[in-house]
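Chain naming here is simple, since letters A, B, ... match the order of the sequence lines and numbering starts at 1 in each.
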Amino acid sequence: MSEQQHATTDDTDVTSEKLVELAKRRGYFFQSSGAYGGVGGFYTFGPQGAALKGNVEDAWRDRFAVAEGNMEIDAPTIMPEPVFEASGHLEGFDDMLVECSECGASHRADHIVEDNTEYEDAESLPIPEVEEIVAEYELVCPACGAGLAGQAVETFNLMFGTNIGPGDSDPGYLRPETAQGIFVEFPRLKEYARNQLPFGVTQIGRAYRNEISPRRSIIRTREFTQAELEYFVDPEDDEPDLEAVADVAVTLYPASEQNAEDGSEIETTIGEAVEEGIIGDEWVAYFLGVAKPWYESVGVDMDRFRFRQHLSGERAHYAADCWDAESEVDGNWIEMAGFAYRGDYDLSKHEEYSDDRFTIFKQYDEPKTVERATVDPDMSYLGPEFGGAAQDVVDELEALAARDREAFEGDTVEIDLEGETHEIPVEKTGFSVDEETIAGEHITPHVVEPSFGVDRLVYTVLHHAYREDEVDGEERTYLELEPEVAPTFVGVFPLQNDDDLEAVADEIVADLRAAGLSVTYDDSGNIGRRYRRQDEVGTPFCVTVDYETVEDEETTVTVRERDTTDQKRIAVDELAETLSAIRDGDLAFEEL
RNA sequence: GCGCUGGUGGUCUAGUGGUAGGACAUGAGCUUCCCAAGCUCAUAGCCCGGGUUCAAUUCCCGGCCAGCGCACCA
């Protein structure tokens, strides 16, 4: 994750402060465990925030699981140590820190070593060796220049550890990403996909990282929600449906532009970017094309949105290409998602470390017929002849048959065994050449991984929705949230304290809730105050029951739209239907 | 983790070596026929631990937390 720093302006800082204050006051999010002094890097989503986050997750599920025909799973957050040995998190997630005794600054010991010696991969060296190198090369603190020799190098692992069951013989870790829960279950998941590539598996869930310093409210926390898709493809045969996203307009910030002196973002389309080689991988391009309109649909401001390519140094070694979705908040670009082509790295590692197979059997279009040379030695001959070495002879014969069948053309075959040459009658080897039919081969699928940070997206959505304006000379704060994600869809009010009005309002609340809408009722204070309350949490519509409602023959209510504060009269009979249509995007308020 | 600044009702803040005032918000009532109006009343607070002191929310030390800078963000 990188957060490119840009100059901040007073305006945006103010918005951020106001937003955090609003979030606390109105129940979007707040720091957890406040009664006990608070704990760093943990946040609770309040009633509004939980609803917003849930709606965003639902929208993600609709787009990336349902609409793409992918499977969703829900794996545990705690996994045993071997999983993370395989994934590389146990080692790779370790930071080697060394503290300067003079100025107190702590630095990455491996980085200091790499920068100042010929060692290139200090991270993989054992701690004592790094300490020795530091002493031997008389390395100094980059901050103050004091010598670091003799200072202890300590590791800090970003994973939260725990014990599974009693005792500490069975260590486990809280997952630092949801992805491993998918990779680990691949052998079973491929069955559910009927062994057919390509297929995708999604997961929305919590991940944990013991960050050294959590920052900026919910932007960088120690427990967060990810929405990830692992899309498994056959690298040779599978291709994305690029046509479907070719026309999607995107703002790209490729590595080349970031490196250039006066580099800038590029306005283009997915189709053109692939054609011009700006986006190197078609699968990554496809998911960027899916993601952009989706981000727009949940309320990310497209003027403050871009895809930024990872610089070569930022990229994990196995990632062929990687792009981040970034949004601008407070004048800073923050990473909201990463789209990486991970090759076969993850599955190969689990194949290597586990007992299971992480491959898929790929059937050839036509079965292949191949000739194969095999041996079937006569053990009643080899046994007495070679004694304990008989098995070694067999192994050697098998190897020889595979690599050089001409060796078996004479009456005897020569093999080398521990420096000695032995002659064995070919008839005793059971040598034969047979035709074999091969239907296919086991391949390790490649993985394309769109990985979304939900909390950061929620923060962005709120920030981009924050508005201040004036209504009738009075200041107003409101959240211009998309109806699809707004925590509450409609507020219902009686115009005044009046039993008749309240009775009608109660009925309307029940009707709208029965229609599946998220409704809130409010009868306190004057009508303007109630409108403002709903504005501030981003409720798109308010319904007011007035005296026309109860006195006129045709019962109607006013429906007031949040952003414009415009009002229209709607018949009570049609209210639920009309509002549902608006929510589902089938009708616009202006059309009423 | 290091450094700087800060921590007072739900929120924002004033202030003080003798335990606190405001604004907004919230609740009740009055008023009110569509955009935070008015009036009355009510609820509610000095981050935690230790020290100095007759007395600490205030001063000192430590911790926790937040924002920012550095470092970190596989």
Phosphate OP1/OP2 of B/U32 contacted by A/Asn526 side-chain N/O (<4.0 Å): no
Counting only side-chain nitrogens and oxygens, does A/Gln567 get under 4.0 Å of the OP1 or OP2 atom of B/C34? no
Any N or O donor-acceptor pair under 3.5 Å from the base of B/C34 to the side chain of A/Thr558? yes
Kindly say if A/Lys18 contacts the phosphate of B/U11, meaning a side-chain N or O under 4.0 Å from OP1 or OP2. no
Distance criterion of 3.5 Å, no angle test: do you see the side chain of A/Arg220 paired donor-to-acceptor with the base of B/C72? yes
Expressed as a whole number of angstroms, how long is the span from A/Arg25:CZ to B/U13:C1'? 14 Å
B/A66 base to A/Ser217 side chain: any donor-acceptor pair below 3.5 Å? no
Measuring to OP1 and OP2 of B/A37, would you say a side-chain N or O of A/Arg529 lies under 4.0 angstrom away? yes
Length of the line joining A/Arg533:CZ and B/G27:C1', which is rounded to integer Å: 10 Å
Residues A/Arg562 and A/Asp535 bridged, charged N to O under 4.0 Å: no
Would you kindly give the CD-to-C1' distance between A/Glu21 and B/G7, to the nearest whole Å? 16 Å
Looking at A/Arg25 and A/Glu536, does any basic side-chain N land under 4.0 Å from a carboxylate oxygen? yes
Given atom CZ of A/Arg530 and atom P of B/A37, what is their separation to the nearest angstrom? 11 Å
When we call it a touch if two heavy atoms are under 4.0 Å apart, what does A/Gly41 touch: a base, just sugar-phosphate, or nothing? sugar-phosphate
